[in-house]
Visitor: 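The structure under discussion is supplied below as structure tokens; questions concerning it will follow.
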Amino acid sequence: MVDGPAETLSGAKRRLVLYLSGVAVLMLGYAALYQWGMATFEGTSVTYIDALHVVVETFTTTGYGEDAARWTTDAMKLITIPMMVSGVTVIFLTLPLFLVPLVEEALRTAPPTTTEQTDHVIICSFTSRGDTLVEELESRGVPYVVVDEDRETAQRLYAEEYEVVHGNPELVDTLEAANAEDAMALVADDDDETNASIILSAKQAAPDLHVISLIEDGTLSDYHKYAGADEVVSPRRILGESLARKAASPIAADIDGAIEIGDDFEVAEVLVQRDSALEGDTIAESAIGRRTGVNIIGAWFRGEFVTPPDPEAVVDEHTILLVTGREEQLERLKELTRSETRRFRRGKVIVAGYGEVGATAADALVSANVPSLVLDEVDKPGVDVIGDATNKQAFLSADIDEAQSVILALDNDTTAIFATLVINQLSPETEVIARANDAESIAKLYRAGAEYVLALSTVSGRILASNLTEEEVIAPESQVEIVRTTAPQIAGQTLAEADVRARTNCTVIAVERNDELLTEVGPDFTIRSEDTLIVAGTDDDINQFNVVCG
């Protein structure tokens with residue numbers, strides 16, 4: 001079923017109406033000018049209808065021969081010349097600008113307004129977070145439908161082969177058309193007020209439907225639950241807490257970025273700081289495994305994740321090592337990666353941007369007794385320094401040269417990139433821990449000089465995928481995805497026989513078997529059907545692992 005003729009005028013049609021109205025006004029004006037010119041310069045009286053007839057003939061290039069002989073004066077010819085040029089211009093503009101797009105629009109297939117999907121996830125509406133979720137669901141073979149009210153967005157998604165329903169997700173009829181009764185879950189991913197309306201409609205359309213709401217303002221969680229949401233997720237708060245842990249880990253022992261997998265076995269992302277013992281060494285020269293006992297799973301080199309890292313790859317001040325080990329082993333590695341010039345530095349943490357992410361990060365720092373300062377361009381409670389994060393004077397007022405690190409919790413990626421450049425020029429020894437809204441901005445922020453970057457869309461997509469599928473995302477705020485999952489397709493094979501790393505670029509960190517965590521999982525380790533694997537890799541690599549092994 002597609003939209004019928006009652007559909008409101010598209011943007012192209014509205015522009016055409018305005019254009020034709022303008023042409024009509026122009027022609028009427030030329031008719032009056034022509035009538036006046038013939039009377040004034042030729043001494044001939046012409047009715048307005050006759051004058052308009054001449055103008056229409058001129059604009060449509062159908063001819064005006066009988067009147068041309070009557071133009072004997074130069075003034076009258078000067079009046080008719082722009083009229084002729086205008087007529088030809090109108091014709092040449094009308095075809096490419098309006099008629100051709102209208103024909104193309106008519107030939108395109110309209111986005112559907114219903115679906116036959118069952119046991120699917122309904123996503124309302126389409127955002128960068130939803131795009132990440134779609135990728136996660138597709139990799140796991142979970143069907144989905146995106147419901148979006150904007151026709152152009154729905155048309156684009158349909159053309160790109162997304163499963164889509166065009167309609168207002170706040171309406172019960174739309175959700176019924178999206179087959180809410182047979183869906184496994186619904187994700188409300190619009191603004192906070194719209195999400196509440198979507199929740200109410202979803203529960204009316206399908207009372208037993210599992211509804212997850214994503215909120216911008218964490219204080220509104222209770223309202224969404226009261227509306228009927230089964231789960232309320234605040235990715236911004238999770239992101240803020242994660243950025244605080246990364247910024248404060250060199251200062252406070254009770255904020256640590258390690259991810260606990262089992263008793264005394266952890267996965268950690270460890271930043272190599274400038275002037276540390278490892279800077280400038282290759283992976284082979286550093287002998288990290290022998291010196292600390294940790295196992296290197298992979299490494300981020302200037303924003304690019306590599307697993308396993310090349311032994312000849314050089315470790316620099318922006319390298320982040322992804323390792324597994326026990327607590328004392330990780331502590332030994334942190335000593336090697338810590339800057340000699342920063343080792344005894346205990347400066348404050350500057351939080352730039354005091355929205356939901358920044359406020360959460362600031363609260364986490366206060367709770368951990370980490371000295372901090374908030375910078376924002378708006379004067380409001382909780383802000384210590386008022387200023388623009390792209391203006392060096394704002395950071396000078398915040399004593400940037402004494403800061404251990406800066407958390408960039410800005411809501412615009414372009415602004416965050418420029419602020420990173422400003423900080424690195426003012427205080428190269430200060431670490432930059434940055435939030436990105438879109439995953440595409442991560443590499444740019446690293447190139448600008450950020451030490452750690454995490455995208456809001458990535459966190460949101462991972463959290464939702466973990467809630468909607470059997471695969472458990474252990475640390476959605478990690479730069480790489482760490483999941484707890486099964487691998488039935490490689491049961492009975494050793495890791496070497498399955499060739500997991502070569503085929504998927506993922507690393508099996510540990511295996512849970514009969515309530516026991518096995519961490520010695522070398523090439524000869526055999527996977528059993530009842531095993532639960534703990535796997536690390538990028539989002540794309542984990543998706544490939546699900547296809548090959550899941």
Side-chain angles (χ1 to χ4, degrees), residues 1-14 101-102 104-138 142-216 223-224 227-233 457 460-461 464 468:
M1 177 178 178
V2 297
D3 298 322
E7 179 77 24
T8 58
L9 288 176
S10 68
K13 291 179 181 177
R14 286 194 297 271
L102 284 174
E104 291 178 346
E105 182 178 347
L107 293 175
R108 288 200 301 261
T109 304
T113 56
T114 62
T115 184
E116 296 182 358
Q117 292 274 20
T118 59
D119 200 26
H120 56 296
V121 176
I122 301 174
I123 304 171
C124 313
S125 302
F126 190 77
T127 64
S128 59
R129 297 179 297 209
D131 197 17
T132 303
L133 175 60
V134 165
E135 293 179 2
E136 298 281 350
L137 294 176
E138 285 182 333
V142 177
Y144 70 90
V145 170
V146 176
V147 178
D148 203 291
E149 183 179 14
D150 183 75
R151 180 181 173 82
E152 292 185 4
T153 299
Q155 181 67 65
R156 175 178 60 83
L157 294 175
Y158 188 55
E160 294 174 2
E161 300 185 344
Y162 284 80
E163 295 293 333
V164 63
V165 165
H166 176 222
N168 185 350
E170 294 182 68
L171 299 180
V172 174
D173 289 346
T174 300
L175 297 181
E176 289 177 343
N179 205 10
E181 187 68 36
D182 295 323
M184 65 177 288
L186 179 144
V187 176
D189 187 14
D190 212 300
D191 63 76
D192 290 346
E193 292 183 0
T194 302
N195 280 352
S197 177
I198 292 172
I199 295 165
L200 292 168
S201 296
K203 287 300 184 179
Q204 183 176 341
D208 296 328
L209 180 64
H210 186 79
V211 176
I212 301 175
S213 179
L214 269 72
I215 57 174
E216 304 288 330
Y223 297 108
H224 285 232
D230 298 284
E231 295 182 61
V232 179
V233 178
S457 59
S460 304
L464 291 173
L468 293 169

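Index from 1, following the sequence. For clarity, every value in this text was computed on a predicted model and none was experimentally measured.
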Visitor: Are His120 and Ile122 side-chain neighbours, meaning at least one heavy-atom pair lies under 4.5 Å?
Guide: yes
Visitor: Extract all donor-acceptor atom pairs below 3.5 Å that involve side chains of residues 175-184 and protein atoms in other chains or at least two apart in sequence.
Guide:
| residue | atom | partner | partner atom | Å |
| --- | --- | --- | --- | --- |
| Asn179 | ND2 | Gln117 | O | 2.6 |

Visitor: What do you reckon, is CD of Glu116 surrounded by more than 12 foreign heavy atoms closer than 6.0 Å?
Guide: no
Visitor: Name all residues meeting the side chain to side chain donor-acceptor pair (under 3.5 Å) criterion together with Asp230; count only those two or more places apart in sequence or in a different chain, and write none if there are none.
Guide: Lys203
Visitor: For Ser125, which of Asn195, Asp189, Asp190, Thr153 qualifies under side chain to side chain donor-acceptor pair (under 3.5 Å)?
Guide: Asp190
Visitor: Just to verify, what does Asn168 make a side chain to side chain donor-acceptor pair (under 3.5 Å) with, not counting sequence neighbours?
Guide: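 For Asn168 there are no side chain to side chain donor-acceptor pair (under 3.5 Å) partners, ignoring immediate neighbours.
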Visitor: Could you measure the distance from the CG atom of Asp191 to the OG atom of Ser197? Nearest 0.5 Å is fine.
Guide: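 Interatomic distance, Asp191 CG to Ser197 OG, rounded to 0.5 Å: 10.0 Å.
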Visitor: Minimum heavy-atom separation for Leu214 to Asp192, with atom names?
Guide: O-OD1, 4.0 Å
Visitor: Please determine which of Tyr162, Tyr144, Tyr158 meets the ring pair (Phe, Tyr, Trp, His ring centres under 6.0 Å) test together with Phe126.
Guide: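 The passing option is Tyr162.
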Visitor: Which atom names give the shortest non-hydrogen contact between Ala202 and Leu186, and what distance separates them?
Guide: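 Scanning both residues, the minimum pair turns out to be CB-CD1, 4.0 Å.
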Visitor: Regarding Glu231 and His210, do their side chains bring together a donor and an acceptor under 3.5 Å, going by distance alone?
Guide: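 Judged by distance alone, the side chains do pair up.
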Visitor: Using 0.5 Å steps for rounding, measure from the CZ atom of Arg151 to the CZ atom of Arg156.
Guide: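 Arg151 atom CZ to Arg156 atom CZ measures 14.5 Å (nearest 0.5 Å).
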Visitor: Between Pro169 and Ser201, what is the shortest heavy-atom contact and its length?
Guide: O-CB, 4.4 Å
Visitor: Taking Asp148 for its side chain and Ala154 for its backbone only, find out whether a donor-acceptor pair lies under 3.5 Å.
Guide: no
Visitor: For His224, which of Ile199, Ile212, Ile198 qualifies under side chain to side chain contact (heavy atoms under 4.5 Å, CB included)?
Guide: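 For His224, the side chain to side chain contact (heavy atoms under 4.5 Å, CB included) test succeeds with only one of Ile199, Ile212, Ile198, which is Ile199.
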